[in-house]
There are 2 protein chains.
Amino acid sequence: MGRTTGIIATLQAIGGKWKPLILFLLLHEGTLRFGELRRKLPNITQGMLTNQLREMERDGLVVRRVYQEIPPKVEYELSEHGRSLQQVLADMCGWGFTHIDFMQNAEDINLEETP
Amino acid sequence: MGRTTGIIATLQAIGGKWKPLILFLLLHEGTLRFGELRRKLPNITQGMLTNQLREMERDGLVVRRVYQEIPPKVEYELSEHGRSLQQVLADMCGWGFTHIDFMQNAEDINLEETP
DNA sequence: ATACTTAGTATGGTTTACCGTACCAAGTAC
DNA sequence: GTACTTGGTACGGTAAACCATACTAAGTAT
């Protein structure tokens with residue numbers, strides 16, 4: 001078990017284009033219905049959202065609650081284990097803004113240098 | 001600029017199968033030659049490693065230092081901005097181990113329940 | 001009957017990520 | 001001149017991720 005084992009495990013669990021986003025939303029907004037989540041993720045496909053949520057349910061990160069109603073109502077929220085991602089997600093979010101600033105500054109410097 | 005902007009920026013900068021791993025190694029081992037890095041990432045292709053390093057250099061995360069020698073010698077290290085990922089990477093690593101334990105326990109419980 | 005609702009599933013297609021293999025340059029050692 | 005070194009590049013291919021579109025169930029409202 002190498003030094004990178006932890007990183008690899010994390011990438012397997014929450015890697016990909018959508019999972020960190022979905023988890024971040026559930027963390028900050030609490031319980032959300034399928035359709036709410038979908039509207040907050042403007043470019044995701046319905047199939048993709050279902051698929052990512054099911055994988056995260058299987059991995060114990062997300063809890064799925066189905067109401068026996070018509071039209072259907074299904075809610076999603078983070079499990080306790082899912083909530084343990086809080087720090088990771090907060091850091092990712094914070095560093096992202098740092099990085100945006102950094103790239104913006106780099107760009108400004110280039111504009112100065114080539115007038 | 002939505003709440004998820006930071007996460008999206010982070011995914012663009014360090015998303016994918018290899019970047020977090022490479023960054024983590026450079027963070028913990030300091031300066032590494034291309035070949036050293038390659039040996040520590042046992043399954044990566046040479047082309048992939050070059051490619052990922054170049055992208056991260058372009059994004060200001062990694063510094064590339066070329067020595068004018070034959071055979072070639074090229075060293076990589078984190079830039080200051082790259083080092084600002086320290087917290088993110090440490091958390092990812094830590095959570096990964098937490099997750100491995102969690103999955104192991106879940107498995108054990110399943111074994112109990114179906115004897 | 002018709003339309004509208006929600007949370008899906010199904011099918012097929014495209015795009016991106018990643019891989020394997022081969023090749024190169026330009027020196028040193030034999 | 002042959003082999004070995006390192007850090008690449010170039011090519012073609014595969015597999016995974018992701019997307020668009022159409023369809024469904026089963027109820028309510030008109």
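Computation of the quantities below employed the complete heavy-atom set of this structure, encompassing side-chain atoms and omitting hydrogens, waters and symmetry-equivalent molecules. Proteins get letters first, then strands, A, B, ... in listed order; numbering begins at 1 in each. These numbers were taken from a predicted model, which means no experiment stands behind them.
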Looking at side-chain heavy atoms only, is the closest gap between [X] and [Y] below 4.5 Å?
X      : Y      : answer
A:N105 : A:D108 : yes
B:T10  : A:C93  : no
A:V88  : A:L85  : yes

**Complete:** On a heavy-atom basis, the closest approach of B:A13 and B:L61 is O-CD1, 4.3 Å
**Request:** Extract, from 5' to 3' on DNA chain C, the first and final nucleotides lying under 4.0 angstrom from some heavy atom of chain B.
**Result:**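 Range of nucleotides touched by chain B: C:dC18 to C:dG27.
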**Prompt:** What's the verdict on side-chain contact (heavy atoms from CB on, under 4.5 Å) for B:L27 and B:L23, showing C-alpha distance, side-chain angles and the deciding distance?
**Reply:** CA-CA 6 Å; B:L27 182 67; B:L23 292 164; over 6 Å; no
Show me the donor-acceptor pairs within less than 3.5 Å that the side chains of residues 62-78 of chain A make with the rest of the protein, sequence neighbours left out.
from  : atom 1 : to    : atom 2 : distance (Å)
A:R64 : NE     : A:Y76 : OH     : 3.2
A:R65 : NH1    : A:E75 : OE1    : 2.9
A:R65 : NH2    : A:E77 : OE2    : 2.2
A:Y67 : OH     : A:E75 : OE1    : 2.9
A:E77 : OE1    : A:T31 : OG1    : 3.4

Extract all donor-acceptor atom pairs below 3.5 Å that involve side chains of residues 45-55 of chain A and protein atoms in other chains or at least two apart in sequence.
from  : atom 1 : to    : atom 2 : distance (Å)
A:T50 : OG1    : A:Q46 : O      : 3.1
A:E55 : OE1    : A:K19 : NZ     : 2.6

Would you mind writing out the side-chain donor-acceptor pairs for residues 94-101 of chain A within the sub-3.5 Å range, not counting sequence neighbours?
from  : atom 1 : to    : atom 2 : distance (Å)
A:W95 : NE1    : B:S84 : OG     : 2.8
A:T98 : OG1    : A:G94 : O      : 3.2
A:H99 : ND1    : B:H81 : NE2    : 2.8

**Asked** Looking at residues 7-17 of chain B, who's got a heavy atom less than 4.0 Å off DNA chain C?
**Response**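 Nucleic-acid contacts, sorted: B:G16, B:K17.
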**Message:** Generate the contact string for nucleotides 4-13 of chain D. Rules: B means base contact, S means sugar-phosphate contact only, - means no protein heavy atom under 4.0 Å.
**Reply:** -BBBBS----
**Request:** To the nearest 0.5 Å, tell me how far B:D91 CG sits from A:D91 CG.
**Result:**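 Nearest 0.5 Å value for the CG-CG distance: 4.5 Å.
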**Asked** Between the main-chain N or O of B:L26 and the side-chain N or O of B:E29, is there a donor-acceptor pair closer than 3.5 Å?
**Response** no
